[in-house]
Amino acid sequence: MEQFFILKSEPKSFSWDDLKKAPGKKTNWDGVRNYQARNYLRSMQKGDKCLFYHSSTKEPAIVGIVEVSRTAFPDPTAFDPESMYYDPQSASGKVRWYAVEVRFYGEFEKPILRSELKQYAELSKTELLRRGSRLSVIPLRASEFQFICSLRKIIYEK
DNA sequence: GCCAACGTTGGC
DNA sequence: GCCAACGTTGGC
């Protein structure tokens with residue numbers, strides 16, 4: 001069954017525009033260093049849809065949709081001493097952290113601001129909107145995903 | 001810049 | 001195994 005998630009990113013480290021400019025409009029979703037978020041990454045199946053959310057910015061917002069194009073694999077950045085996500089405890093070759101690959105799926109005609117999202121009773125149980133919610137990979141109910149998608153025209157590209 | 005909420009660490 | 005201290009996240 002198709003699953004849905006929210007992926008958080010700070011635009012100053014990796015933005016929606018960065019994704020659109022990337023070769024093949026795809027990227028490794030790596031650097032996740034939280035066990036719960038990692039477990040969600042590992043549960044992702046090819047074709048699962050993720051809303052792309054800009055956090056820690058003036059106007060936090062959902063900006064687009066990506067789909068999982070490769071299921072979980074050991075996160076290369078954990079083994080790379082040059083990477084800011086390097087994990088010394090993974091150096092032995094033990095796999096602690098995983099990444100998935102995601103690719104562009106659709107873009108909302110206008111960003112859906114967090115302040116707007118909070119107004120809808122349909123999203124009152126959405127983990128993203130809970131105060132203190134810090135997970136960078138957040139599961140989303142199908143009904144919530146569909147509701148959010150109904151809020152904007154979606155621009156698909158071939 | 002503030003601070004609430006959370007995860008992690010480490011002493012015991 | 002408990003829990004206080006600490007660091008980080010991220011909205012506001």
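The figures that follow rest on heavy atoms only: side chains count, while hydrogens, waters and symmetry mates do not. In the text below, chain A, chain B and the rest are named by the order of the sequence lines, each starting its count at 1.
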Quiz item: Taking side chain as C-beta onward, heavy atoms only, is Trp16(A) less than 4.5 Å from His54(A)?
Solution: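 Counting from C-beta outward, Trp16(A) and His54(A) do come under 4.5 Å.
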Practice problem: Show which residues join Ile155(A) in its hydrophobic cluster (side-chain heavy-atom contacts under 4.5 Å, direct or indirect), or state none. | Solution: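 Once heavy-atom contacts under 4.5 Å are chained together, Ile155(A) still belongs with nothing else.
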Practice problem: May I ask you to list the residues sharing a hydrophobic cluster with Tyr85(A), side-chain cutoff 4.5 Å, ordered by chain and number? | Solution: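 Its cluster partners, ordered by chain and number, are Met84(A).
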Quiz item: If you draw a 6.0 Å radius around NZ in Lys20(A), do more than 12 non-hydrogen atoms from other residues or ligands fall strictly inside?
Solution: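 Counting other residues, nucleotides and ligands, NZ of Lys20(A) exceeds 12 neighbours.
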Exercise. Identify whether any heavy atom of Ser55(A) sits under 4.0 Å from a base atom; if not, whether one sits that close to sugar-phosphate; answer base, sugar-phosphate or nothing.
Key: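 Result for Ser55(A) = sugar-phosphate.
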Quiz item: Can you check whether Asp30(A)'s main-chain N or O pairs, donor with acceptor, with Asn28(A)'s side chain at less than 3.5 Å?
Solution: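 No: the side chain of Asn28(A) does not pair with the backbone of Asp30(A).
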Between [X] and [Y], is any side-chain donor less than 3.5 angstrom from a side-chain acceptor?
X: Thr77(A); Y: Asp75(A); result: yes
X: Asp80(A); Y: Ser83(A); result: no
X: Glu10(A); Y: Ser55(A); result: no

Quiz item: What ring-ring contact (aromatic ring centres under 6.0 Å, His included) pairs are there with at least one residue in residues 25-51 of chain A, not counting sequence neighbours?
Solution: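 The answer is Trp29(A)-Phe52(A), Tyr35(A)-Trp97(A).
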Self-check item: Start and end of the DNA chain C segment that chain A contacts, any atom under 4.0 Å from a heavy atom
Solution: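 So the contact region on DNA chain C extends dG7(C) to dC12(C).
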Self-check item: Within residues 32-39 of chain A, residues whose heavy atoms come under 4.0 Å of DNA chain B
Solution: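 Residues of residues 32-39 of chain A under 4.0 Å from DNA chain B: Asn34(A), Tyr35(A).
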Quiz item: Considering all heavy atoms of both residues, which atom of Pro11(A) and which atom of Asp18(A) are nearest to each other, and what is their separation?
Solution: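 Closest heavy-atom pair between Pro11(A) and Asp18(A): O-OD2, 4.3 Å.
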Quiz item: Between Leu135(A) and Arg131(A), which has a closest nucleotide on DNA chain B that is more 5'?
Solution: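 Result of the comparison: Arg131(A).
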Practice problem: Please list residues of residues 75-85 of chain A whose heavy atoms come under 4.0 Å from any atom in DNA chain C, ordered by number; otherwise none. | Solution: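 Close to the strand, none.
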